[in-house]
Amino acid sequence: MNFFLGFVLQVFFLIFVVQNVLAHEIELEAIVVDDDPILDSGVKPYDIITEYDFDVIKQDNISDSLGNILGVSSTKFGPNASRPIIRGQDGDRIRLNENGTIVQDWSVSSFDHALPVNPNILKQIEIIRGPAAVMFGGNAMGGTINFVNNRIPKNQYDQTGGITEFSITPEHNASSGFFELNGGDGDGISWHFDGSILDKGLTKTPTFTDNGEEPVRGNKIRNSKIETKAFGGGFSIQRGSRLVGFSVDNYQTEYGVPKLINHKLDVNKTTLNVLYDERLDLGLIQRVKARAKYTDYQHDEFDLNFLETKYKRDSTNARVELFTETSGGISGILGFELINSRNPVIAFAHEEEEEEEAHEEHEEHANLGPIPTTKNKSMGFFTYQYKKIDDSLMEFGFRIDDVEAKADSVHEIEEFGSPTSAGDVHAEDGLTKSFTPKSVSLGLTQDLGEGFRIHSSASYVERAPSFYELFTGGVHHTTNLYEHGNVNLKKETGKHYDLGLSYEDSGFKLRANIFQSDYKNYITLVRSGTDLFYAEHHEEHEEEEESEVEEIEIYSFTGVDSDFKGIEFSATKKIMLDNLTITPTFSYDQVIGKRKGSSEYLPRLTPKRISLYADISGINWFIRPEFRYIYSGNKGLGEITETEGYKLFNLYAQYQLENDWSIFLKGYNLTNELAFSATTVEAVRYFAPLPGQSVLIGVKKFF
C-alpha cells in the first residue's frame, strides 16, 4: 500500500511539474473531460453500449448482461458466476477494465469465480477490438471491455441529483435496489456516491434431472442463492483544462455454485482509484492522462461452513497516456503501463478436537491449495496512431511488455490414488518464468460514399501464459476438478484478420464482419481423458465427521494450435409513424474454432445464434419483444456431450409516469424452455440450466 501511494504521488508530481514548466503563460480554454471511446476512428470494430441501451439488457451480473451482444457471450457457470467471451475466446485473452484500468480479481483463473463489477452504476460499456485493443497488450488478444462509471465525476455539478431503483423477481425470490447521487458546488468541485444490494434465492428452472451419481430431479438450481452489497464514492476537482479525481469502492458478495451443494464463496473487493487528466497545447503533446488503481481482493471458499481455500490479491495498476498530434496530421497515444500483484492462496484442513472437551471445536492448518502463492509483474510500452487522408483512415498499434510470473512452489501429483486410497500432491521448489510478448496491428477504413464504409485490420499478438495456466496444481473445491497447469508453456501467438462492411442511410443500418484468428499454442483447459485423481472428501454430521474417497476428473491447461473463423451480421431499420417509432433489428453471429489439422472443435465454443427484436416506443412508453435462437453446440476437445439448440422469448417494457417516475418489466424465457449453455464447463453444465420463466418488476425515480 505504501509503495502504491508513493508511486502514484511521484507519477502525478512529475506530470504536474513538467506541464507547468512547459506551459508558461499559455491560457487554455476550459473543457469538460469525458470518458469517450478510446479514439474516434470511424467504423473500426468496436461497439459502444450506452446507459439507456444497457438498462434494457441488464441482468444481475455484468457478464450475462452482455451475453446477447453481437459477438459476445459468457461462460455461465451457474446464475452467479460468469465472465465475458468474445468471438469464442475467453480467459486471460479478454481484458476487462473499469474506467481504463484493469479489473484485478480471480475471475480469470476459474469459471466459478464471479466478476466483481457492479452493473447498476455503469454509464457506458466499450467493446474494443482491432488496432486500439493492442494498447492493452496480449491479454486483450480477443478484445477489451471497458466499464465506465461516474465515481470520479467528469462533468461539473451545481446541485444534487441522482437515481434510485428497486425491483423484485418473484420466481427467484429476488429483490434488488440501488441509488446514485451526484452533486457539486458548480465551480469545479463535484462528488458522487452510490450503493447497491441484491438478495436472490434459488434460481427457478424448467424441471430437469442433473447427471450426478445420485441424479436429482427438480425445478431449481441447487445452491444458487446470492447476496451482494456494493458501494462507491469519489470526487473530482476541475480547474481550467485540468481534472484531478479520487474514488473508493467496495464490492461484497456471497453466493453458491451448482453441483457441489455445500460450497459457497464469499468475495470482498476494495478499490482505490486516482485520475489526472489535462488538455495541453505543447505541440506534439495535446493531452496527458494518468490513472492509478490499488485493489485489495479476497474471496473465501467454504464447504459446510468450513473454510477450504482463501484467495487473495493485492495489486496495483498505473497507466500514463500522452495524446499526440503531429503537424503532418498523425494523431494518437503514447503510453506506459505497470501491473503488479501478489496472490496468496491458502488451503485449510479441519480437524476435530478431542471428544472429552466440553464442546466441539475445529482448528485450521495450512495445506496445499489448488494453486501456489504467486507474484506477478509486467511493464508495457504502447502506441496507437491514426491518420486521415481524404476518405481513408489508417491505424497502427504496437505494444511490448516485460512479464514475470513467480511461484513460491510448484504442485505435482505424486500418486493418483485409487477408489480406496486418496492420491497425493507434493510441492517442489518455486519457479520464476519471464516473457517478452510483442503485439502489432494495422487497420484501414475506407469511405466508399453513399453511406458505405469498408474496414479491415490485421494483427499479430503475443500473450504470455498467465500464472494460473503455468502453476495451477490441485483440487479446486467449487468445480470439483483437479486443474493442472504446465510450467513449460510457451507464449501464445495469434494472427488476427478482420474485414467488415457498414452502411447507414435514412434510418437503415447494416453491419457485416468476417474474421479469422490463427493461433499457435492456444492455451485452454482440456479434459485429460481417462486419468482420474482420487481425493478424500469430508462430510460433517451431527455427531461425527465421515470421509470418503471420490473420483475427480483432471483438466489440464494445454497449448493447442487452433483456427477461429466467424461471421457477424446485423441490420436495423427505424420506422417513424404518428406518435410511434418502430425499430426492428436482426442479427446473426457464428464462430468456429478447431484444432489445426483435425476436425476437433475447441471446448466451450459459443454456438451460432440468431436474434430478432423490435424497439417500439410512444410518447411515454417503450417495449422490446425479443426472440433468440441458439443452435446446438459442437462437442469440443475433451468433451463427451454436445448441447441441444434452444429458443428464448424475452420482453422489456417501460412506462414513464409523472415527476420522473417510471415503472418497468422484464420477462425472461417466457415459454419456460429447458436450455443448457455450450459455453459452461461440461463438468457443471448439466447441474445448471439457464433460468426458467421469470418476470422482473421494478420502479425507477430520477431526481
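The aromatic rings of Phe627 and Tyr629 lie parallel to each other, with less than 30° between the two planes, well short of the 60° mark.
Side chain to side chain, Ser73 and Thr679 fail the donor-acceptor criterion of an N or O pair below 3.5 Å. Remark: the Tyr646 side chain and the Glu644 side chain contain no N/O donor-acceptor pair separated by less than 3.5 Å. Remark: the Thr203 side chain and the His172 side chain contain no N/O donor-acceptor pair separated by less than 3.5 Å. For the residue pair Thr558/Ser556, the side-chain donor-acceptor check at 3.5 Å is not satisfied. Asn650 and Lys666 form no side-chain donor-acceptor contact under 3.5 Å, judged by distance and modelled atom types alone. A donor-acceptor contact closer than 3.5 angstrom is absent between the side chains of Thr50 and Gln124. Donor-acceptor pairing under 3.5 Å is recorded for the side chains of Glu395 and Tyr384.
Arg93 forms a cation-pi arrangement with Tyr522, by the criterion of a distance under 6.0 Å to the ring centre and an angle within 45° of the ring axis. Cation-pi geometry between Lys594 and Tyr601 is satisfied (NZ or CZ under 6.0 Å from the ring centre, within 45° of the ring normal). With Tyr460 as the aromatic partner, Lys495 does not meet the cation-pi criteria of under 6.0 angstrom to the ring centre and within 45 degrees of the ring axis.
Qualifying side chain to side chain contact (heavy atoms under 4.5 Å, CB included) partners for Asn61, counting only residues two or more places apart in sequence or in other chains: Ser63, Asp64, Ser82. Legend: residues meeting salt bridge (charged side-chain N to carboxylate O under 4.0 Å, His left out) with Lys647, ordered by chain and number and at least two apart, are Glu673. Residues satisfying the side chain to side chain contact (heavy atoms under 4.5 Å, CB included) criterion with Ser441, sequence neighbours excluded, are Pro131, Val134, Ser459.
Contact check on Lys520 versus Glu462 returns no salt bridge, with no Lys/Arg side-chain nitrogen under 4.0 Å from an Asp/Glu carboxylate oxygen. Using a 4.0 Å cut-off between charged side-chain N and carboxylate O, Lys574 and Asp615 make no salt bridge. Using a cut-off of 4.0 Å between Lys/Arg side-chain N and Asp/Glu carboxylate O, Lys58 and Asp53 are scored as not salt-bridged. Taking the charged nitrogens against the carboxylate oxygens, Glu227 and Lys264 have no contact shorter than 4.0 Å, which rules out a salt bridge. Salt-bridge formation is not detected for the pair Asp498/Arg129: no Lys NZ or Arg NE/NH1/NH2 atom is positioned less than 4.0 Å from an Asp or Glu carboxylate oxygen. Salt bridge Arg453/Glu504: absent, no basic N to carboxylate O contact under 4.0 Å. Of the charged side-chain nitrogens involved, at least one lies within less than 4.0 Å of a carboxylate oxygen, so that Asp210 and Arg222 count as a salt-bridged pair.
For the salt bridge (charged side-chain N to carboxylate O under 4.0 Å, His left out) condition, the pairs that include at least one residue of residues 581-590, sequence neighbours left out, are Asp589-Arg609. Counting only residues at least two apart or on different chains, no salt bridge (charged side-chain N to carboxylate O under 4.0 Å, His left out) pair has a member in residues 107-117. Residue pairs meeting the salt bridge (charged side-chain N to carboxylate O under 4.0 Å, His left out) criterion with at least one member in residues 634-643, sequence neighbours excluded, are Glu639-Arg685.
Between Phe564 and Phe515, the ring centre distance reaches or exceeds 6.0 Å.
Although no hydrogens or angles enter the test, the distance criterion places no donor-acceptor pair under 3.5 Å between the side chain of Ser74 and the main chain of Arg83. At distances below 3.5 Å, not a single donor-acceptor pair connects side-chain atoms of Gln656 with backbone N or O atoms of Trp621.
With values rounded to the nearest 0.5 angstrom, Ile49 atom CD1 is found 10.0 Å from Glu126 atom CD.
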Check: How far apart are the C-alpha atoms of Lys700 and Asp55, what are their side-chain angles, what is the distance that settles it, and do they pass the salt bridge (charged side-chain N to carboxylate O under 4.0 Å, His left out) test?
Finding: CA-CA 11 Å; Lys700 177 181 288 189; Asp55 269 349; 2.8 Å; yes
Next item on the list: Would you check, one step at a time, whether the test side chain to side chain donor-acceptor pair (under 3.5 Å) holds for His476 with Ser110?
Entry: CA-CA 9 Å; His476 191 183; Ser110 185; 3.0 Å; yes
